[in-house]
Amino acid sequence: MKAAVCEAFGKPLKMKEIPTPNPGPGEVLVRVHGCGVCHSDLHLVDGDWASWGTPLPIVPGHEVTGIVENIGAGVTSFAPGDRAGVPWMQYACGRCAACKTGAEMLCAAQRSTGVTVNGGYAEFVCAPEAFVHKIPDGLDLVEAAPLLCAGITVFAPLRRAGNLAGKTVAVAGIGGLGHLGVRMASAMGAHVVAVLRGAGKAELARSLGAHDVIDSEKEKIGRALTKMGGADLLLLTGISARLFEQCVPGLGPNGTLVVLAAIAENASILPAGLLTGQKRIVGSLIGTRDDMDAMFRFAADHGIRSMVERHPLSAVNEVLGKLREGNVRLRAVLTPG
Ligand SMILES: [Zn+2]
Ligand SMILES: [Zn+2]
């Protein structure tokens with residue numbers, strides 16, 4: 001099969017012919033229709049995560065959708081021809097404290113698609129049946145691909161927050177994650193505030209369901225949100241410590257800020273501000289398999305789809321370059337066809 005292979009960190013991926021995997025017992029082989037290009041993939045190919053034990057060579061890609069081509073012995077929940085999605089998490093031990101308490105995405109023994117085992121920048125991907133998800137009819141396979149990482153990342157904290165009808169949900173950063181966050185929060189009945197920079201995406205945010213837009217070039221985020229009563233929930237999807245600092249004061253009483261972006265620099269906030277408003281800052285990492293199944297049902301019921309740029313798999317290095325320069329508008333998806 002054709003695959004884009006990372007042979008050395010910091011170097012372009014190589015388009016190569018490699019053996020098509022054979023599904024072992026309990027495994028499903030999926031013919032890839034789309035694989036989203038996540039910001040994490042840049043960290044992977046740059047070698048930022050080499051300490052996690054990424055083996056080389058590796059095929060990146062963890063937002064994979066396609067059609068089941070073949071199944072291994074003992075597989076009962078999938079048959080050839082089924083629509084399937086392969087996410088980041090493709091194994092968790094089921095025995096550790098994280099797994100037992102329903103936080104399997106924190107399992108230290110986890111295997112990760114396109115990070116520790118070959119992923120979806122290829123014609124085929126193989127994964128254990130228990131971690132492969134059904135993609136409902138009615139969702140386009142290419143548009144559904146980013147739901148496997150960007151989508152679940154915003155859906156899980158929204159779902160965890162409970163009934164959001166009439167609550168103020170702010171989404172800071174309107175990119176691959178943020179545009180889905182606005183769409184989902186709006187479909188859940190929240191009053192949605194999009195926090196963005198510059199006028200470029202204001203119309204888009206409104207068309208996705210944002211009721212208000214805050215342009216951080218024109219007004220102070222904290223002050224603007226406070227004028228609206230403060231955010232009950234704020235999804236931070238922009239990778240910026242300054243954005244984090246400016247969002248914290250915008251939380252309302254008992255408000256929660258959820259960090260969804262891998263911001264790897266220090267930020268400064270006033271802890272007393274958390275005390276007086278009983279505000280919380282939490283992190284959230286992808287979601288559970290149950291969250292994923294719930295998200296796909298929700299996406300199918302509410303017509304939620306990712307807005308994507310489609311690129312052939314052979315253009316992978318150009319696409320990674322565009323992402324690095326900030327020139328991918330929302331989400332790029334590679335198609336091997
Ligand atoms: Zn991702
Ligand atoms: Zn575990």
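We count ligands from 1, going down the list as the structure has it; atoms in each ligand are counted the same way. These numbers were taken from a predicted model, which means no experiment stands behind them. Sequential numbering from 1 along the given sequence is applied to the chain's residues.
The angle that C96 SG and C99 SG make at the Zn ion (ligand 2), rounded to 10°, works out to 110°. Rounded to 10 degrees, the SG-metal-SG angle spanning C107 and C93 at the Zn ion (ligand 2) equals 110°. Vertex the Zn ion (ligand 1); arms to H62 atom NE2 and C149 atom SG; angle 110° (nearest 10°).
A side-chain donor-acceptor contact under 3.5 Å links Q110 and W88.
Residue C38 counts as close to the Zn ion (ligand 1), with an N, O or S atom under 2.8 Å.
Taking the charged nitrogens against the carboxylate oxygens, D140 and R310 do have a contact shorter than 4.0 Å, which makes a salt bridge.
A cation-pi arrangement, defined by a distance under 6.0 Å to the six-membered ring centre and an angle within 45 degrees of its axis, is absent between K2 and F124.
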Using the side-chain contact (heavy atoms from CB on, under 4.5 Å) rule, take H191 and D212 through it: C-alpha gap first, then chi angles, then the decisive distance, then the call. CA-CA 8 Å; H191 180 86; D212 282 304; 2.8 Å; yes
